[in-house]
Amino acid sequence: MASREPRPSIIGPDSGFEAPYPLRMNGQVVSGFGRGSKELGIPTANIPVDGVPWIDNIPSGVYFGFAGLLLPAGHPALSHPPSSAPSPPVAKVSENWRTFPMVMSIGYNPFYKNAVRSAEVHVLHDFEKDFYGSEMAISILGYIRPELDYVSLEALVEDIKTDIEVARRSLERENWRKGGEDGYLWGESDS
């Protein structure tokens, strides 16, 4: 069951992320269980975890960092760039790459009793339109908390909203924003 201990409002030192971060993964956004938007009111983007070398070696839980998205031409988010994340270089912006802060769950989601480990990303931006099929690159910079089970859907949503605020506040700090300047987030190989 979920812990009711006080939660920190910021994660990590002001000096920025530390080893083993950043952890990176990428893939095409695919349909998930359909619970994020419909049941929770918190839309998630799902990317496959197959072939991600570190995925089985980290604890299940909630993580935060930045997501790079290669959006299709004409997507509404292309005309409303996020102010809360560093922008890719001009050449990459013209290719439709955008960078956003994110919070994500890696694990089995015990409230839903999933049998398969998944990676579900909540991009901290209000999108007018979905982006299934888009390429997404993730750079995880920190760990917020372990995966928990909940007595109710409301308790789960409350904790997710807290996770979102913790991620947002943590990433607003100057040395953490630098993690959003990682070329991996806009399609460059390990830079």
Side-chain angles (χ1 to χ4, degrees), residues 3 5-27 29 36 42-47 49 52-55 57-71 77-78 80-93 96-107 118-127 131 134-148 158-191:
S3 168
E5 296 176 15
R7 301 267 314 268
S9 61
I10 290 181
I11 299 293
D14 287 343
S15 59
F17 59 91
E18 300 173 330
Y21 305 104
L23 297 174
R24 298 171 174 151
M25 64 188 289
N26 63 28
V29 176
I42 302 166
T44 58
N46 298 276
I47 55 176
V49 297
V52 178
W54 49 263
I55 200 80
N57 301 322
I58 64 168
S60 291
V62 179
Y63 294 82
F64 69 101
F66 289 95
L69 274 170
L70 179 57
L71 295 166
L78 292 172
H80 304 294
S83 60
S84 57
S87 184
V90 173
K92 292 298 181 175
V93 169
N96 295 342
W97 282 99
R98 296 297 185 272
T99 307
F100 302 90
M102 65 86 187
V103 62
M104 71 184 294
S105 168
I106 296 175
S118 64
E120 298 179 73
V121 179
H122 174 67
V123 179
L124 304 184
H125 183 79
D126 291 326
F127 288 92
F131 44 86
S134 294
E135 187 68 25
M136 177 181 270
I138 300 295
S139 180
I140 299 172
L141 303 180
Y143 177 77
I144 295 177
R145 64 172 177 84
E147 182 173 61
L148 301 171
E158 180 183 322
D159 247 12
I160 293 171
K161 288 180 178 178
T162 300
D163 297 334
I164 290 167
E165 287 311 308
V166 169
R168 189 181 317 274
R169 283 191 292 269
S170 298
L171 292 170
E172 286 173 346
R173 294 173 294 169
E174 181 180 349
N175 290 323
W176 288 82
R177 281 181 56 85
K178 291 176 184 174
E181 298 169 1
D182 183 350
Y184 182 83
L185 293 170
W186 46 83
E188 295 177 1
S189 60
D190 288 340
S191 59

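Numbering of residues begins at 1 and proceeds along the displayed sequence. Being a predicted model, the structure only gives us computed values, none of them experimental. No hydrogens, no waters, no symmetry mates; every other heavy atom, side chains included, goes into these values.
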Checklist entry - Does any N or O in the side chain of Arg7 come within less than 3.5 Å of the main-chain N or O of Arg145, such that one atom is a donor and the other an acceptor? => result no
Checklist entry - Where is the tightest heavy-atom contact between Leu185 and Gly179, given as atom of each residue plus distance? => result CD1-O, 3.8 Å
Checklist outcome for this item: Sorted by chain and number, sequence neighbours left out, ring-ring contact (aromatic ring centres under 6.0 Å, His included) with Trp186 holds for none
Checklist outcome for this item: Minimal heavy-atom distance between Ala77 and His125, with the atoms involved, is CB-NE2, 4.2 Å
Next on the checklist: With a 3.5 Å distance limit and no angle check, can you tell me whether Ser170 reaches the backbone of Ile11 through a side-chain donor-acceptor pair?
Outcome noted: yes
Checklist outcome for this item: Applying ring-ring contact (aromatic ring centres under 6.0 Å, His included) to Phe64 and not counting sequence neighbours gives Trp176
Checklist outcome for this item: side-chain contact (heavy atoms from CB on, under 4.5 Å) filter on Val29, not counting sequence neighbours, yields Ala45, Ile47, Leu69, Phe131, Tyr132, Met136
Checklist entry - Considering residues at least two apart in sequence or located in another chain, which fulfil the ring-ring contact (aromatic ring centres under 6.0 Å, His included) criterion with Tyr143? => result Tyr63
Checklist entry - For Phe66, what residues pass the ring-ring contact (aromatic ring centres under 6.0 Å, His included) criterion, not counting sequence neighbours? => result none
Item to check | Distance-minimising heavy-atom pair for Asn175 and Ser15 | outcome: CB-O, 3.3 Å
Item to check | Pairwise distance CG(Asp159) to CG(Leu148) - rounded to 0.5 angstrom | outcome: 6.5 Å
Checklist entry - Roughly how far apart are Met104 CE and Ile144 CD1, rounded to 0.5 Å? => result 11.0 Å
Item to check | side-chain contact (heavy atoms from CB on, under 4.5 Å) against Ile164, all qualifying residues, sequence neighbours excluded | outcome: Ile42, Val103, His122, Leu124, Ile160, Arg168
Checklist entry - Are Asn46 and Val121 side-chain neighbours, meaning at least one heavy-atom pair lies under 4.5 Å? => result no
